[in-house]
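Data first, discussion second: the structure below is written as structure tokens.
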Amino acid sequence: MAFLDVQNLTKTFGQTTVVKGVSFAFDKGEFISLLGPSGCGKTTILRMIAGFERPTSGSIEVDGRDITHLKPNQRQLGMVFQAYALFPNLNVGDNIGFGLKIAGMPAEQRRARIDEMLKLIGLAGFDKRYPYELSGGQQQRVALARAIAPRPRMLLLDEPLSALDAKIRVSLREEIRAIQLDLGITTVFVTHDQEEALSISDRIVVMNAGNIEQLGAPHEIYNKPATRFVATFVGQLNTIEATVLDAAARTVSIDGQAATVPALPATADNGSAVSLTLRPEVLSVGARQGNDITLSGTIADVTFLGSVIRLRITLGSNLLSLDTFNDQRTAPPARGEKVTVSLASKDLLVL
Amino acid sequence: MKTNRFWAWLTFALGAAYFIVPLLATFEFSLRMRRGTYSFDAYASVFADPYFVSSFGYSVVIGLVTIVVGVLVVVPAVYFVRLRMPWLRPFMEFITLLPLVIPALVLVYGYIRLYNSSSIIPFTGSALGTDILLTGAYVTLALPYMYRAVDNGMRTIDIGTLTEAAQIMGANQAQIIGRIILPNILVAILSGAFLTFAIVIGEFTIASLLNRPAFGPYLVGIGTNRAYEPAALAIISFIITWGAMGMINVLGRFAPRTSARTD
């Protein structure tokens, strides 16, 4: 049986429906990301799980118990907020011990649990410091410790890394994932950053305009996007215009070359135009074994990203993005250079 | 540049003199009770007066009760309006400004009509009842200051998120207000409390018309009967007020510090 079971969850604010009958179920110990652009309803879903918003309809069950109508303080959940939300009047130790104190845990046990938590987040000896004396990353680690100290049934993370610098963001997300795996705590993580979601989740719920676009493991979301929205929102995507040669045989003409694609839309007729999409990394400069389509174009732009060089290539009416590894022995290609690029027709996606 | 500074200093000196000279004159006058020499006789006389001690003590007690009642009324009200009913804020602003617009005299006549000894709620029928009425009047008078102080205090902290953070960890409303909100706005509350105290200590109209032995009526009585003591009392009042202001400044240093960092 699912540990977190959300059924037909709907939330309406006045005339606007921000969450439209969303259902999903997850197992104990999973790390789940709700991913989507701002306004897609992901934060509203998290707030309904936390109990800060009342669902217009639908139900939320945790561990077989219906919590839809419980108050937030009766749900035994832990939550980390984007703005840290540490209590400014309490020191680190008292912040972490707050939930334990409310639960009536004796002082000695509380002390031990606080020390255990401080060790877990790598801030042993910081218990007498006040939040304003800590860096943003340290504050968010304290907030994490505070959330998990009372051993909640589930951990909710509301964009906990968004207020942090890029470097801290990466190191803290790895730390969060390590602690989550260590404790085996079911976690729901809300983010608009696809890289964050892809790197630390067991499964991702991609949301748009109040609906679930796709639910799956990170590699499924990236490699087999179910909708055009998922494909463009998660990772970079190129579009190539093609003409259908034979709909039944799934052959198309790309820039005058015939190619067989894995699938075609049901509505495609012979001679009609279709848009094919592909990821930047499946394109390569020059010929490569296994690539059956070769196209020639002009380099329109070169972006040097360190280990990777991103090229923008004009191919007839198409502008393609292509990633290639940096080679220390040769200079990156120049703008205006003529190039041939190749790709494997099996990597083409039809959305 | 230099001339600019000269004019700035001159303006400052003139402004300061406008306040300080009368104060110095009052102080000097208060020292002249004994003929031909400066002495603190007027102060000794004031402190030896049993009415000074009793009326001051009475006003201090009423002041403290006013502060407690004011905090109990204002803090939860501001908290819930900010958190749940933000659309009520303009209305709150208006209500809390009324005591500055309506003269205390109107307020106290209203009270006497409403709560006189032959009314349904005869507050003025007993000394304790009148004290309660007086405290209620002072809570109202201090409302503009207490409300603004508390409202400013709550503006500096993110009460919405702090409330949610405490709620999800199991805290109920009373625990949230008592353990999180109150301690974080304590400095703001104290500054409101000192202003309330200063108002209560000097208030004359209401205390006098309700016939309570408060410090305000005592000050006025002394002023009409004696020569040197009123000057000494004026200086003592100044010291009390400045002490209160000084306390606000000192406590300001303990205000919760913002901790929004990205590193």
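Each chain gets a letter, A, B and so on, in the order its sequence line appears, and its residues count up from 1.
- The stretch residues 65-86 of chain B participates, sequence neighbours left out, in no ring pair (Phe, Tyr, Trp, His ring centres under 6.0 Å) pair at all.
- Other residues, nucleotides and ligands place no more than 12 heavy atoms under 6.0 Å from the CZ atom of B:Phe91.
- For the pair B:Asn184 (side chain) and A:Asn89 (backbone), a donor-acceptor distance under 3.5 Å is present.
- For residues 36-56 of chain A, there are no ring pair (Phe, Tyr, Trp, His ring centres under 6.0 Å) pairs, not counting sequence neighbours.
- Taking 4.5 Å as the heavy-atom cut-off, the residues of residues 31-51 of chain A that approach chain B are A:Arg47, A:Ala50, ordered by number.
- For residues 158-170 of chain B, a heavy-atom distance under 4.5 Å to chain A picks out B:Thr161, B:Leu162, B:Glu164, B:Ala165, B:Ala166, B:Gln167, B:Ile168, B:Met169, B:Gly170, given by residue number.
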Run B:Arg179 and A:Ile102 through side chain to side chain contact (heavy atoms under 4.5 Å, CB included) and show every step you take. CA-CA 10 Å; B:Arg179 295 195 186 174; A:Ile102 294 288; 3.7 Å; yes
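- Atom NZ of A:Lys101 has 12 or fewer heavy atoms from other residues, nucleotides or ligands within 6.0 Å.
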